[in-house]
Amino acid sequence: MQDLIDKLVKKNIPFSEKGKVANYIPELDKANKNSLGIYITTLDGKNYHSGDYKTKFTIQSISKIVSLMLAILDNGEKYVFSKVGMEPTGDPFNSIRKLETSNTKKPYNPMINAGAIAIASMIKGKDARDKFQRLLDFFKKVSEDDTLDVNYKIYCGESETGNRNRAMGYFLKSEGIIEGNVEEALDVYFKQCSIEVTTETLAKIGLFLARNGKTSSGEQLITPRIAVIVKTLMITCGMYDSSGEIAVKVGVPSKSGVGGGILSVVPGRMGIGIYGPSLDSKGNSIAGINLLEDLSEQLNLSIF
Ligand code: DON
């Protein structure tokens, strides 16, 4: 396994040249375009890593899977999906257009920005600070990493430039999808995107889902039903408008972020964290996806 991942990381680094590092806020474009790293953690307790696996980066959209778990724990499945759908959009992650044109006015799914902002509004707490603190504490439990925290420079950048997200938040409020305070929901969302992680953090969250919501000490933090919902939405919507193609080529529930991370779950087998900040036109790590494809082929990972 170690030889295999060393070889595959080397082979896929050149794909980074074809993509671009996110630059919608200044801090993100400081990433080294040619970085590529992977961390794999298996159900039988083995860890493998290669390349730039130690580099810190912000979790961005991958946070959407963890906030979804907590929102369902806080409100129940029925309420959550009365406000957010379960269908892929085929549109970019920050697209607004279907919000108004769909009959229900619900965001299509929790993996696009509009859906994730609605989900952030459902996290319980007395104010934005308390809500985010609950979410961060939950993140720490799921990833079994007590050191997780926000990168405040990125958070400030997200908040200062997040006008499109703000527009969607206020639209959702006008439609009654967001019931509470919009600015609080946005603040939770901007902060959750700015949590700093490594490939190991992502692999551990993947492992948690591969175990259907159990920590390594055997604590069942979320019901297996919630784990199934999250994994299903990852495979259908987690890689945005590349989700179908990646389901065919890789075949495991995965979620990407514009920080360059990809988190994959191989049910009953392993969690995988990948980092490669050079992105394709849809916002997915370009070398990361190619690495994942190779790995899936070599290890026969597809669930289909
Ligand atoms: O809200 C945004 O647009 C970013 N903070 C996160 C988007 C993201 O990671 C989409 N991923 N591919």
Side-chain angles (χ1 to χ4, degrees), residues 19-29 31 57-68 84 88-97 99 107-121 132 135 139 150-172 178 182-183 185-197 201-202 205 233-246 253-264 273-289 292:
K20 269 202 220 138
V21 170
N23 62 359
Y24 65 95
I25 51 174
E27 276 305 302
L28 283 177
D29 69 2
F57 55 96
T58 49
I59 189 164
Q60 297 294 345
S61 282
I62 303 168
S63 64
K64 293 168 181 171
I65 65 177
V66 181
S67 58
L68 175 61
V84 180
T89 60
D91 286 338
F93 61 83
N94 57 0
S95 178
I96 295 184
R97 66 190 189 117
L99 270 187
Y108 266 54
N109 67 69
M111 302 290 137
I112 52 170
N113 289 9
I117 294 164
I119 293 292
S121 78
F132 180 70
L135 180 57
F139 250 98
V150 168
N151 176 325
Y152 279 91
K153 265 195 180 157
I154 302 257
Y155 159 65
C156 290
E158 294 284 347
S159 182
E160 275 161 24
T161 63
N163 294 316
R164 199 180 174 89
N165 286 327
R166 222 165 250 120
M168 290 192 270
Y170 280 95
F171 181 83
L172 293 170
I178 290 183
V182 189
E183 286 301 327
L186 288 162
D187 197 53
V188 170
Y189 174 74
F190 293 138
K191 279 194 182 133
Q192 73 179 63
C193 287
S194 311
I195 294 174
E196 212 163 41
V197 294
T201 327
L202 300 185
I205 299 172
L233 288 167
M234 286 170 77
I235 205 151
T236 52
C237 315
M239 305 297 281
Y240 306 110
D241 37 339
S242 292
S243 297
E245 186 180 342
I246 293 172
S254 300
K255 181 78 204 82
S256 63
V258 294
I262 303 177
L263 181 158
S264 295
I274 290 180
Y275 171 63
S278 182
L279 308 178
D280 65 16
S281 59
K282 306 209 167 147
N284 295 319
S285 169
I286 189 162
I289 285 177
L292 199 55

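First listed ligand is number 1; within each ligand, the first listed atom is number 1. Numbering starts at 1 and runs along the sequence shown.
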Which residue and atom name correspond to the protein heavy atom nearest [atom], and how close is it?
atom	answer
atom 6 (C) of ligand 1	Q60 OE1, 3.2 Å
atom 3 (O) of ligand 1	N113 ND2, 2.9 Å
atom 12 (N) of ligand 1	Y240 CE1, 2.9 Å

With atoms numbered from 1 as shown, which atoms in ligand 1 lie under 4.0 angstrom from a non-hydrogen atom of S61?
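Heavy-atom distances to S61 below 4.0 Å select 6 (C), 7 (C), 8 (C), 9 (O), 10 (C), 11 (N).
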Checking side-chain polar atoms at under 3.5 Å, does [X] have a donor or acceptor matched by the opposite partner on [Y]?
X	Y	result
S194	K191	no
S61	Y240	yes
N165	N113	yes
E158	Y189	no
Y155	E160	no

Output the distance between atom SG (C193) and atom CD (Q60), rounded to the nearest 0.5 Å.
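If I round to the nearest 0.5 Å, the distance is 5.0 Å.
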Please report the shortest heavy-atom distance between I154 and L28, naming the atom on each side.
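Smallest interatomic distance, heavy atoms only, reads CD1-CD2, 3.7 Å.
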Report the part of E158 (side chain from C-beta onward, or backbone N, CA, C, O) that has a heavy atom under 4.0 Å from ligand 1; answer both or neither where that applies.
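The answer is the side chain of E158.
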If you measure every N or O of [X] against every N or O of ligand 1, does any of those distances drop under 3.5 Å?
X	value
N165	yes
Y24	yes
V258	yes
N284	no
C193	no

Got I117 and I178 here, is their nearest side-chain heavy-atom distance under 4.5 Å?
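SC-SC contact between I117 and I178 confirmed.
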For N94, is the nearest heavy atom under 4.0 Å from an atom of ligand 1?
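Heavy atoms of N94 never come under 4.0 Å of ligand 1.
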Heavy-atom contact under 4.0 Å between Y189 and ligand 1?
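Right, Y189 reaches ligand 1.
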